[in-house]
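Note on naming: letters A, B, ... go to the chains in the order of the sequence lines (proteins, then strands), and numbering restarts at 1 for each one. From a predicted model like this one, the values you see are computed outputs, not experimental measurements.
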Protein chains: 2
Amino acid sequence: MATIRDVANRAKVSTATVSAVVNDSAYVSPELRARVLAAIGELDYTPSLAARNLKRGRSQLIALVVADLANPFFARLVWAAEAAVAAWGYSLVLFNSDEKPENERRILSRIKMLSCDGVILVPVDVAATQPPRDSEGEPMPTVLFGRTVEGQKADTITIDNVSAARQVTNYLMDLGHTRIGTITGPLHLTTGRGRLDGMLEAMRARGHEPAPAHVRSGEFREDTAYSVARELLTQPDGPTALYVANGVMALGVMRALADLGMKCPDDISIASTDTIPGIGGLRPRLTRTEHPVIDMTNEALRLLVERINRGAGADSRNVVFQPSLVVGESCAPARRRS
Amino acid sequence: MATIRDVANRAKVSTATVSAVVNDSAYVSPELRARVLAAIGELDYTPSLAARNLKRGRSQLIALVVADLANPFFARLVWAAEAAVAAWGYSLVLFNSDEKPENERRILSRIKMLSCDGVILVPVDVAATQPPRDSEGEPMPTVLFGRTVEGQKADTITIDNVSAARQVTNYLMDLGHTRIGTITGPLHLTTGRGRLDGMLEAMRARGHEPAPAHVRSGEFREDTAYSVARELLTQPDGPTALYVANGVMALGVMRALADLGMKCPDDISIASTDTIPGIGGLRPRLTRTEHPVIDMTNEALRLLVERINRGAGADSRNVVFQPSLVVGESCAPARRRS
DNA sequence: AACACCTAGCTAATCGTTTCGTTGGCAGAG
DNA sequence: CTCTGCCAACGAAACGATTAGCTAGGTGTT
């Protein structure tokens, strides 16, 4: 392939001049500029990012590490992030930690090798996640997305999980439900913990308390939620309404209902935090909160690029987004029950 | 950050020896090896990929260019590809061409700059897509995924679209439907064209022909399919069954039905090629073909890695996967109609 | 006319690896 | 005792860009 030296020879200028033209980094007379551009065109020259990165110590790469790529919530994040990253002139390197701390560790060291300029990280474990450091031992520009890590000073983008759960729970109680069960996410995650706390808080505020047997973890997974829901729904004194902590688990619950021959909302009301986009034509439509994923992603990139340019010194910022309740037809008023 | 020279100094060896240890590329005596490893540990040395790539002319990066990241089909591809790419020791750089040829061009030149080792490409336009070339003008190792490009010799992974459409159409006809409409994808894509051809072929084989007004393009998009479906379903002599060419469009059609107050399958039967994963709990479940995305992706990576290692010389291979029909409850037997 | 100053462009050092070709020490053969 | 061969380890030249520092020529001031 053509190198900058080939271009310089052909245009009868020095490599420094070619570099100046390519990067617009210094004034070059119109005549030389034209000669250089012509040579570039004739040789089909593309600067080598590898060489440029080696010299500049940057890579024009932004890494996105999601916790579960099979989850449509994160798929949407990937979609939004690709667009935002491209808009800022970077390229996106994608990793999936699959909720496993050891994967996360492997990925972060890989990111270090690639010397990515920044990282958007959905941390797997609040306790275990180490802030990524670059090759000089400095913390890499990082934005934590969706979940936070205790005691770590970093820029974060989160959703108000407590509020999400509270909104949904209040809605269910407004319909008259008091025997509300929940399928939670992993409680070591702020998303899992916060949603459970919000639900409990809302219920207690009105003098209710969920039966311990009605509070189960579905690990944020479709299949786990499916089996947990089957257990929960076949026990004698089952709940009349179920708050499900995320969208894929809600679909798992729906599948369990279908397999058990139960009807929603006739036999039980289901409401969730988050949902799967694009299923508005299928019934029942879930009552759920929606999260402004696109806004969150754009804000994450804004913060990240700012930090890349301003360095590690600046104070860390934490932006919290508010979810909004969207009512479908998956909930019915509670019927009086013995 | 620690460089190979720092390690060499500390271990009192040459950089060549450190390199040999790191890459296992030459025999090093146990004693020196131990010293080197110790120094690496003490300095927390990570080799710079930028420098390594510059020297080796490789980047350990594989690019994936999808045509529509918002489409769950491609989201699944991304998910499977990330895993496969990691398993082969590469990292995944993700791009979304959003079905726009100009984006695709921009992306391919970016990929060239990054000197990615290989590309998995869902081409946007059969005619316009140029095979990517590396900096030496050689064609880059590339696997075309899902769609093929006319006259281009390249490795391809595709699904048998004609067969998919034929299976679905035959199923509808077996139920007694003859007034079958279709919402197709863009006909300049092999996926769009093939699915329409398969449908027509199947109908003609039994002496039927769809009304021209019942054959419409939904551009593979949810919103377009939604509006087209509304038109199609409100015209006087509407079809009794609809074959929809992909999963997101099928959901758009479902949404249109819901908004029109029509019931599926009571008022109309819907069947599609491809679907959205994980919605098995919602009703009605679509009758559709399913595509072995994971197998397809793994095979794509196998081909790609082979080509990276064997060079451009080898013959190009085209692997065609077979879709399978999965019956839901979105189709009912045709009722006799005037 | 002499001097300082500015600027366009060049030369060459540098980034951190890999790798080719060389060195030096030791063992076995003559 | 010398010569040859072998092999572990090394030194130094790439890879392709950026950029600090320099040169030469032109301009403006006194």
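Classified by interplanar angle (parallel below 30°, tilted 30° to 60°, perpendicular above 60°), the ring pair A:Phe73/A:Phe145 is tilted.
Counting only residues at least two apart or on different chains, the salt bridge (Lys or Arg N to Asp or Glu O under 4.0 Å) pairs with a member in residues 21-33 of chain B are B:Asp24-B:Arg33, B:Glu31-B:Arg35. Identified under the side-chain hydrogen bond (donor to acceptor under 3.5 Å, both in side chains) test for residues 67-93 of chain B, with sequence neighbours left out: A:Arg110-B:Ser91.
For A:Ala83, the side-chain contact (heavy atoms from CB on, under 4.5 Å) criterion is met by no residue, not counting sequence neighbours. The side chain to side chain donor-acceptor pair (under 3.5 Å) test applied to B:Asn96 returns no partner, not counting sequence neighbours. Every residue meeting the side-chain contact (heavy atoms from CB on, under 4.5 Å) condition with B:Arg221, not counting sequence neighbours, appears here in chain and number order: B:Glu219, B:Asp223, B:Thr224. Qualifying side chain to side chain donor-acceptor pair (under 3.5 Å) partners for B:Thr297, counting only residues two or more places apart in sequence or in other chains: none. Considering only residues two or more places apart in sequence or on other chains, B:Thr190 meets the side-chain contact (heavy atoms from CB on, under 4.5 Å) condition with B:Arg147, B:Thr148. Not counting sequence neighbours, A:Thr15 has no partner by the side chain to side chain donor-acceptor pair (under 3.5 Å) test. By the side chain to side chain donor-acceptor pair (under 3.5 Å) test, A:Glu299 pairs with A:Arg302, sequence neighbours left out.
Checked by atom type and distance alone, the side chain of A:Thr142 pairs as donor or acceptor with a backbone atom of A:Met140 at under 3.5 Å.
Following rounding to the nearest Å, A:Ile4 (CD1) and C:dA12 (P) show an atom-to-atom distance of 16 Å. Remark: P of C:dC20 and CG of B:Asn23 are 13 Å apart, rounded to the nearest angstrom. Regarding A:Arg56, its CZ atom lies at a distance of 13 Å from the C1' atom of D:dG16, rounded to whole Å. Following rounding to the nearest Å, B:Ile40 (CD1) and C:dG16 (P) show an atom-to-atom distance of 16 Å. Rounded to an integer number of Å, the gap from A:Arg52 CZ to C:dG16 C1' is 18 Å. A:Asp6 has its CG atom 13 Å from the C1' atom of D:dA17, to the nearest Å. Rounded to whole angstrom, the span from the CG atom of A:Leu114 across to the C1' atom of C:dG16 amounts to 15 Å. Remark: P of D:dA17 and CZ of A:Arg5 are 8 Å apart, rounded to the nearest angstrom.
Counting only heavy atoms from C-beta on, B:Leu54 has its side chain closest to D:dC15 among D:dC15, D:dT18, C:dT17.
Rounded to 10 degrees, the angle separating the terminal helix axes of the helix from C:dA1-D:dT30 to C:dG30-D:dC1, each built from five base pairs, is 60°.
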Can you check nucleotides 24-26 of chain C for protein contacts, nitrogen or oxygen pairs under 3.5 Å, and list what you find?
none

Below 3.5 Å between N/O atoms, which protein atoms pair up with nucleotides 8-10 of chain D? Just atom names and distances, please.
unit_1, atom_1, unit_2, atom_2, d
D:dA9, OP1, B:Ser29, OG, 2.5
D:dA9, OP2, B:Ser29, N, 2.6
D:dC10, OP2, B:Ser14, N, 3.1
D:dC10, OP2, B:Ser14, OG, 3.4
D:dC10, OP2, B:Thr17, OG1, 2.4

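Side-chain N/O atoms of A:Asn53 include none lying less than 4.0 angstrom from OP1 or OP2 on D:dA17.
Contact annotation for B:Thr3: backbone-only contact, meaning every heavy-atom pair under 4.0 Å involves sugar-phosphate atoms and none involves a base.
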